[in-house]
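A short write-up of the structure that comes next.
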Amino acid sequence: MSNFYREYLEPMLRKTANVMENTPHMQDIVNGTMPMEKFRFQIVQNYQYLMDYLRTWSTALAKCEDYEQMSDLLVIINDIYAGINYHRNYWGSYVGVTPEEMDAVIEAEGKRSYTAFQSMIAHTGTLAELVCAVFPCGIMYTYFGEDLLPLCKLPEDNIFHQWIAYYATDRYKKEAANKEAMINKYCANKTEREIAKLLEITADACNYEILQWTELYGKMKTWPLEEIFPKKFTTYRE
């Protein structure tokens, strides 16, 4: 079986990760100079993203042709769901946000645009196209663990050290390996035209990732007229 990830995607993702690692926002995390307000913004917005990310992966179940494909997807869906709970409880408590408050956050324009792109591919594309749209998010954070943890001189109990260290854990690496195996399975034996489309989708996702760190997190950018949003519907009881 060909290794689509190693041959085509890894160079793109490594280059993207390098740009993200050198943003002021990421360097503030590595050096421990990140204002807590910004880090809290990152955590709550990423939680909203992860909820949509899970919905996108779940959409793929409708495209499965057999039991094996469903089994592959359910492994990843379960991993993402566990990650959401970790984010919701562990990181939420670290930055002083309750699960209810995290649910009540309005998803910013940058996150909404990214997840809308992923959802569009999920609904209109093939399984191969879907995994290319969502794959960069899952794999590039392992690069951050590899590249940045050795450079982080903060104490191990420091919140920013722990954030980086999470992406170097065996658990997270295993989750990334599951996604890599899926990429290689669903993207094998494609024509040049199909490969070009898959790489375009991946390039879209990579650029969205960069925009998260330069525009969304770095500038805490939400919506032009944020004040017209009502209180989040999750705050109301049925």
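Not one N or O on the side chain of K232 forms a donor-acceptor pair closer than 3.5 Å with the backbone of F229. Looking only at distances, a side-chain donor or acceptor of N22 sits under 3.5 Å from a matching main-chain atom of N18. Of the possible donor and acceptor atoms, none in the side chain of N158 sits under 3.5 Å from a partner among the backbone N and O of L154. Counting only distance, with no hydrogens or angles, the side chain of S93 and the backbone of N89 share a donor-acceptor pair below 3.5 Å. Checking side-chain atoms of Q45 against main-chain N and O of F41 turns up no donor-acceptor pair under 3.5 Å. For the pair T23 (side chain) and V19 (backbone), a donor-acceptor distance under 3.5 Å is absent. Panel note: side chain H87, backbone N46; no donor-acceptor pair is recorded below 3.5 Å.
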Should T142 and E146 be marked as a side chain to side chain donor-acceptor pair (under 3.5 Å) after you check the CA-CA gap, both sets of side-chain angles, and the distance that decides it?
CA-CA 6 Å; T142 62; E146 294 170 6; 4.7 Å; no
Please step through ring-ring contact (aromatic ring centres under 6.0 Å, His included) for the pair Y114 and Y49, ending with a clear verdict.
CA-CA 8 Å; Y114 189 10; Y49 166 83; 5.3 Å; yes
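Other residues, nucleotides and ligands contribute at most 12 non-hydrogen atoms within 6.0 Å of the NZ atom of K174. Heavy atoms from other residues, nucleotides or ligands lying under 6.0 Å from NZ of K63 number more than 12. For Y67, the OH atom counts as loosely surrounded, since its 6.0 Å shell holds 12 or fewer non-hydrogen atoms of other residues, nucleotides or ligands. Annotation for D66: atom CG counts as buried by contact number, over 12 foreign heavy atoms lying within 6.0 Å.
A salt bridge is defined here as a Lys NZ or Arg NE, NH1 or NH2 lying under 4.0 Å from an Asp or Glu carboxylate O, and D72 with K185 meets this definition.
By the ring-ring contact (aromatic ring centres under 6.0 Å, His included) test, F135 is found to be paired with Y5, residues two or more places apart in sequence or in another chain being considered.
A donor-acceptor pair shorter than 3.5 Å cannot be found between the side chains of Y208 and Q118. At a cut-off of 3.5 Å, with distance as the only test, a side-chain donor of Q212 or K111 sits close to an acceptor on the other residue. A side-chain donor from one of Y90 and Q162 sits under 3.5 Å from a side-chain acceptor of the other.
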Taking only distance into account, with no hydrogens and no angle test, what donor-acceptor pairs under 3.5 Å do side-chain atoms of residues 100-107 form with protein atoms, sequence neighbours excluded?
from	atom 1	to	atom 2	distance (Å)
E101	OE1	T98	N	2.9
E101	OE1	T98	OG1	3.4
D103	OD1	Y47	OH	2.5
D103	OD1	R88	NH1	3.0
D103	OD2	R88	NH1	2.9
D103	OD2	R88	NH2	3.2
E107	OE1	R112	NH1	3.0

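Ring orientation note: the planes of W163 and Y167 are nearly perpendicular, at an angle over 60° on the 30°/60° scale. Ring planes of Y86 and Y166: parallel class, angle under 30° (limits at 30 and 60°). Between Y8 and F4, the ring planes are tilted. Angles from 30° to 60° get that label.
The list of side-chain hydrogen bond (donor to acceptor under 3.5 Å, both in side chains) pairs with a residue in residues 193-205, not counting sequence neighbours, reads E129-K197, T191-E194.
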